[in-house]
Amino acid sequence: QVQLVESGGGLVQVGDSLRLSCAVSGRTLSTYAMGWFRQAPGEEREFIAVITWREGTTLYGDSMKGRFTISRDNAKNTMILQMNSLKPEDTAVYYCAASSSLATYAGPYQYWGQGTQVTVSS
């Protein structure tokens, strides 16, 4: 089992930045890649970015490039999502997830965190 705990969400203003963290514990050796997703009310879960745990290879969703940056700290078993120039449409619950493959959709991800709410107020 792999346990994931997100933190860092909250209420921010348009144009602000926010840094989300995902703490990883458990059978981390089985984790090849870690991803960030988000889900707004009434919407499907949306892929943001993924990073491979060992090489640091990254992929981003097309609409996420430029404002969002994914990174990881292997020593701390933590994954980070830096979000800049936030907009009201970024309001959603943000989830981190772990996968044994490099995937840009939710299906291959076996483990999920509980999510952290991000609200961008105008």
Side-chain angles (χ1 to χ4, degrees):
Q1 290 288 334
V2 176
Q3 291 79 44
L4 307 173
V5 179
E6 303 96 336
S7 61
L11 174 63
V12 296
Q13 302 296 313
V14 170
D16 284 352
S17 296
L18 204 57
R19 180 181 171 96
L20 303 183
S21 295
C22 176
V24 185
S25 61
R27 298 184 62 184
T28 56
L29 289 178
S30 65
T31 298
Y32 175 73
M34 298 285 298
W36 284 101
F37 292 79
R38 68 184 184 185
Q39 189 166 20
E43 302 289 334
E44 293 187 354
R45 194 160 294 190
E46 182 180 21
F47 169 74
I48 299 173
V50 59
I51 187 167
T52 57
W53 202 241
R54 181 174 297 178
E55 301 87 1
T57 301
T58 59
L59 292 174
Y60 290 87
D62 287 342
S63 63
M64 308 299 173
K65 296 176 182 178
R67 295 191 299 124
F68 292 8
T69 303
I70 190 172
S71 62
R72 88 269 189 252
D73 185 334
N74 296 57
K76 296 181 179 179
N77 278 355
T78 300
M79 180 176 65
I80 303 294
L81 183 68
Q82 178 67 41
M83 305 186 293
N84 298 326
S85 302
L86 286 165
K87 306 174 182 179
E89 50 265 41
D90 294 319
T91 295
V93 178
Y94 284 69
Y95 298 91
C96 66
S99 173
S100 57
S101 62
L102 184 64
T104 59
Y105 59 103
Y109 288 82
Q110 302 103 320
Y111 303 100
W112 292 82
Q114 81 288 350
T116 185
Q117 177 70 46
V118 172
T119 303
V120 184
S121 173
S122 57

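Distance CD/Gln114 to CD/Gln3: 12.0 Å, rounded to 0.5 Å. With rounding to the nearest 0.5 Å, the separation of CG in Leu81 from CZ in Arg19 is 10.0 Å. Taking OG from Ser25 and CD from Gln1, the interatomic distance works out to 10.5 Å, rounded to the nearest 0.5 Å. Separating the OG atom in Ser63 from the CZ atom in Phe47 is a distance of 10.0 Å, to the nearest 0.5 Å.
Not counting sequence neighbours, the partners of Asp73 by the side chain to side chain contact (heavy atoms under 4.5 Å, CB included) test are Ala75, Lys76. Residues satisfying the salt bridge (charged side-chain N to carboxylate O under 4.0 Å, His left out) test with Glu6, not counting sequence neighbours, are none. Applying the side chain to side chain contact (heavy atoms under 4.5 Å, CB included) rule to Thr58 yields the partners Ile51, Tyr60, Ile70; only residues at least two apart in sequence or on another chain are considered. Considering only residues two or more places apart in sequence or on other chains, Val12 meets the side chain to side chain contact (heavy atoms under 4.5 Å, CB included) condition with Asp16, Leu18, Leu86, Val120. Judged as a salt bridge (charged side-chain N to carboxylate O under 4.0 Å, His left out), and not counting sequence neighbours, Arg45 has no contacts. Residues satisfying the side chain to side chain donor-acceptor pair (under 3.5 Å) criterion with Thr104, sequence neighbours excluded, are absent altogether. Scored by the side chain to side chain donor-acceptor pair (under 3.5 Å) test, Glu89 finds no partners at all (sequence neighbours excluded). Applying the ring pair (Phe, Tyr, Trp, His ring centres under 6.0 Å) test to Tyr95 and every residue at least two apart in sequence or in another chain returns nothing.
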Exercise. Would you please test Gln117 and Thr91 for side-chain contact (heavy atoms from CB on, under 4.5 Å) and show each step?
Key: CA-CA 8 Å; Gln117 177 70 46; Thr91 295; 4.0 Å; yes
Practice problem: Go through the steps for Val50 and Leu102 under the test side-chain contact (heavy atoms from CB on, under 4.5 Å), then give the verdict. | Solution: CA-CA 7 Å; Val50 59; Leu102 184 64; 3.6 Å; yes
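A disulfide (SG to SG under 2.5 Å) check over residues 32-68, counting only residues at least two apart or in different chains, returns nothing. Within the structure, disulfide (SG to SG under 2.5 Å) pairs that include any residue of residues 36-81 do not occur (at least two apart or interchain). Within the structure, disulfide (SG to SG under 2.5 Å) contacts touching residues 72-122 (residues at least two apart or in different chains) are Cys22-Cys96. The stretch residues 61-94 participates, sequence neighbours left out, in no disulfide (SG to SG under 2.5 Å) pair at all.
Ile80 and Val118 are assigned to two separate hydrophobic clusters, defined by single-linkage of ILVMFWY side chains at heavy-atom distances under 4.5 Å. Under the 4.5 Å side-chain contact rule for hydrophobic residues, Trp112 and Tyr32 share a cluster. Both Leu20 and Val14 are assigned to one and the same hydrophobic cluster, defined by single-linkage of ILVMFWY side chains at heavy-atom distances under 4.5 Å.
Among all heavy-atom pairs drawn from Ser101 and Ala33, the shortest one is O-CB, 3.6 Å. Ser17 approaches Asn84 most closely through the heavy-atom pair OG-OD1, 2.9 Å. Taking all atoms of both residues into account, the shortest heavy-atom contact from Ser85 to Arg67 is O-NH1, 3.1 Å. When all heavy atoms are compared, the tightest approach of Ser122 to Pro88 is CB-CG, 4.1 Å. Closest approach of Val24 and Trp53 over heavy atoms only: CG2-CH2, 4.1 Å.
Asn74 places no side-chain N or O within 3.5 Å of a backbone atom of Arg54 that could act as its donor or acceptor partner. With Thr52 contributing its side chain and Thr57 its backbone, the two residues share a donor-acceptor pair below 3.5 Å.
No side-chain heavy atom of Tyr109 sits less than 4.5 Å from a side-chain heavy atom of Leu4. For the pair Met64/Glu46, a side-chain contact is recorded, criterion being any heavy-atom separation below 4.5 Å from C-beta on. Here the side chains of Met83 and Ile48 are not in contact, with every heavy-atom distance at 4.5 Å or above.
Under the 3.5 Å distance criterion, with hydrogens and angles disregarded, a donor-acceptor pair is assigned to the side chains of Gln110 and Ser100.
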